[in-house]
Engineer: 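Just dropping this structure here.
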Amino acid sequence: QAQVVESGGGLVQAGGSLRLSCADSGRTVSSFAMGWFRQATGNEREFVAAITTGGGTNYADSVKGRFTISRDNAKNTVYLQMNSLKPEDTAVYYCAAKTRSGSYYYPQLYAYWGQGTQVTVSS
């Protein structure tokens with residue numbers, strides 16, 4: 001199945017909003033649970049949010065109440081709406097498909113990673 005492509009990143013002030021998109025040209029989005037991860041410079045890749053095939057959601061405590069993950073299977077697209085952005089949200093954001101069973105927090109259980117999109121939040 002096709003690798004996903006992320007878009008929508010950019011430079012915003014603290015308190016601002018961005019909407020990230022994760023799309024494919026095949027059946028990846030509709031076939032698997034999907035997750036968003038982020039990696040700041042010098043840090044390990046960390047879990048941000050995930051959405052199951054049934055529409056259930058999971059969020060990291062650091063983004064709960066500020067970020068919302070959603071999916072539109074008809075458009076083969078997953079979204080991450082990010083509100084009340086903080087400088088500590090600055091990172092490259094990646095989307096991937098969960099292809100193995102287990103906790104949603106572990107990137108090792110995901111495949112079909114995109115190239116990432118840069119989010120920079122200034123103070």
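Everything numeric here is computed off the predicted structure, so don't read it as measured data.
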Engineer: Quick test of your reading: applying ring-ring contact (aromatic ring centres under 6.0 Å, His included), list the pairs with at least one residue in residues 58-85, sequence neighbours left out, ordered by first then second residue.
Structural biologist: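 Of all non-adjacent pairs touching residues 58-85, none passes ring-ring contact (aromatic ring centres under 6.0 Å, His included).
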Engineer: Mind checking what makes salt bridge (charged side-chain N to carboxylate O under 4.0 Å, His left out) contact with R19, not counting sequence neighbours?
Structural biologist: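 Testing R19 for salt bridge (charged side-chain N to carboxylate O under 4.0 Å, His left out), a comparison that skips the adjacent residues, returns none.
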Engineer: Tell me who clusters with F47, hydrophobic residues only, linked when side chains sit under 4.5 Å apart either directly or through other members.
Structural biologist: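 Under the 4.5 Å side-chain rule, F47 groups with F37, V92, Y94, Y104, Y105, Y106, L109, Y110, W113.
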Engineer: With S122, which residues qualify under side-chain hydrogen bond (donor to acceptor under 3.5 Å, both in side chains), at least two apart?
Structural biologist: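 side-chain hydrogen bond (donor to acceptor under 3.5 Å, both in side chains) list for S122, sorted by chain: empty.
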Engineer: Output all residues satisfying side-chain hydrogen bond (donor to acceptor under 3.5 Å, both in side chains) with T68, sequence neighbours left out; order by chain, then residue number.
Structural biologist: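 side-chain hydrogen bond (donor to acceptor under 3.5 Å, both in side chains) check on T68 returns nothing, list empty.
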Engineer: Going by disulfide (SG to SG under 2.5 Å), name the pairs with one or both residues in residues 64-123, residues two or more places apart or in two chains.
Structural biologist: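 The answer is C22-C95.
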Engineer: Taking all non-hydrogen atoms of both residues, which atom of P87 and which atom of A14 are closest, and how far apart?
Structural biologist: CD-CB, 4.1 Å
Engineer: Give, for atom CG of L18 and atom CD of Q81, the distance between the pair rounded to the nearest 0.5 Å.
Structural biologist: 8.5 Å
Engineer: Going by side-chain hydrogen bond (donor to acceptor under 3.5 Å, both in side chains), name the residues that satisfy it together with D72, two or more places apart in sequence or in a different chain.
Structural biologist: none
Engineer: Is T90 reaching over with its side chain to a backbone N or O of V121, donor-acceptor style, under 3.5 angstrom?
Structural biologist: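 Yes.
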Engineer: Within this structure, what is the CG-NZ distance for the pair D24 and K75, rounded to the nearest 0.5 Å?
Structural biologist: 14.5 Å
Engineer: At their closest point, which heavy atom of A23 faces which heavy atom of T77, and how far apart are they?
Structural biologist: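 Looking at all heavy atoms of both residues, the shortest contact is CB-OG1, 3.8 Å.
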Engineer: How many angstroms lie between atom CD of Q115 and atom OG of S7, to the nearest 0.5 angstrom?
Structural biologist: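 It comes to 8.0 Å.
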Engineer: Might you point out which heavy atoms bring V63 and V48 nearest each other, and give the distance in Å?
Structural biologist: CG2-O, 3.5 Å
Engineer: Supply the atom-to-atom distance M34 CE to N73 CG, rounded to the nearest 0.5 angstrom.
Structural biologist: 10.0 Å
Engineer: Heavy atoms, side chains only, cut-off 4.5 Å: are L20 and V119 in contact?
Structural biologist: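 When only atoms from C-beta onward are counted, V119 and L20 do touch, with a gap below 4.5 Å.
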Engineer: Take L85 and Q13 through the side chain to side chain contact (heavy atoms under 4.5 Å, CB included) test and state the conclusion after the steps.
Structural biologist: CA-CA 8 Å; L85 283 162; Q13 278 194 340; over 6 Å; no
Engineer: Just jot down the salt bridge (charged side-chain N to carboxylate O under 4.0 Å, His left out) partners of E46, sequence neighbours excluded, or say none.
Structural biologist: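 Testing E46 for salt bridge (charged side-chain N to carboxylate O under 4.0 Å, His left out), a comparison that skips the adjacent residues, returns R38.
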Engineer: Taking all heavy atoms of R71 and all of F32, pick out the closest pair and write down the distance.
Structural biologist: NH2-O, 2.8 Å
Engineer: Measure across Y112 and V4 and return the closest heavy-atom pair with its distance rounded to 0.1 Å.
Structural biologist: O-CG2, 3.3 Å
Engineer: Does the pair N83 and S17 meet the rule for a side chain to side chain contact (heavy atoms under 4.5 Å, CB included), with working shown?
Structural biologist: CA-CA 4 Å; N83 299 326; S17 298; 2.9 Å; yes
Engineer: If the condition is side-chain hydrogen bond (donor to acceptor under 3.5 Å, both in side chains), which residues does E88 pass it with, not counting sequence neighbours?
Structural biologist: none
Engineer: Do any pairs count as a disulfide (SG to SG under 2.5 Å) and have a residue in residues 47-84, sequence neighbours left out, and if so which ones?
Structural biologist: none
Engineer: State the CD-CG distance between Q118 and L11, to the nearest 0.5 angstrom.
Structural biologist: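 One finds 9.5 Å between CD of Q118 and CG of L11.
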Engineer: Please collect all side chain to side chain donor-acceptor pair (under 3.5 Å) contacts where either partner lies in residues 48-57, sequence neighbours excluded, each pair once.
Structural biologist: none
Engineer: Listing request: all salt bridge (charged side-chain N to carboxylate O under 4.0 Å, His left out) pairs with a residue in residues 47-62, at least two apart in sequence or in separate chains.
Structural biologist: D61-K64
Engineer: Any side-chain heavy atom of M82 sitting closer than 4.5 Å to one from V12?
Structural biologist: no
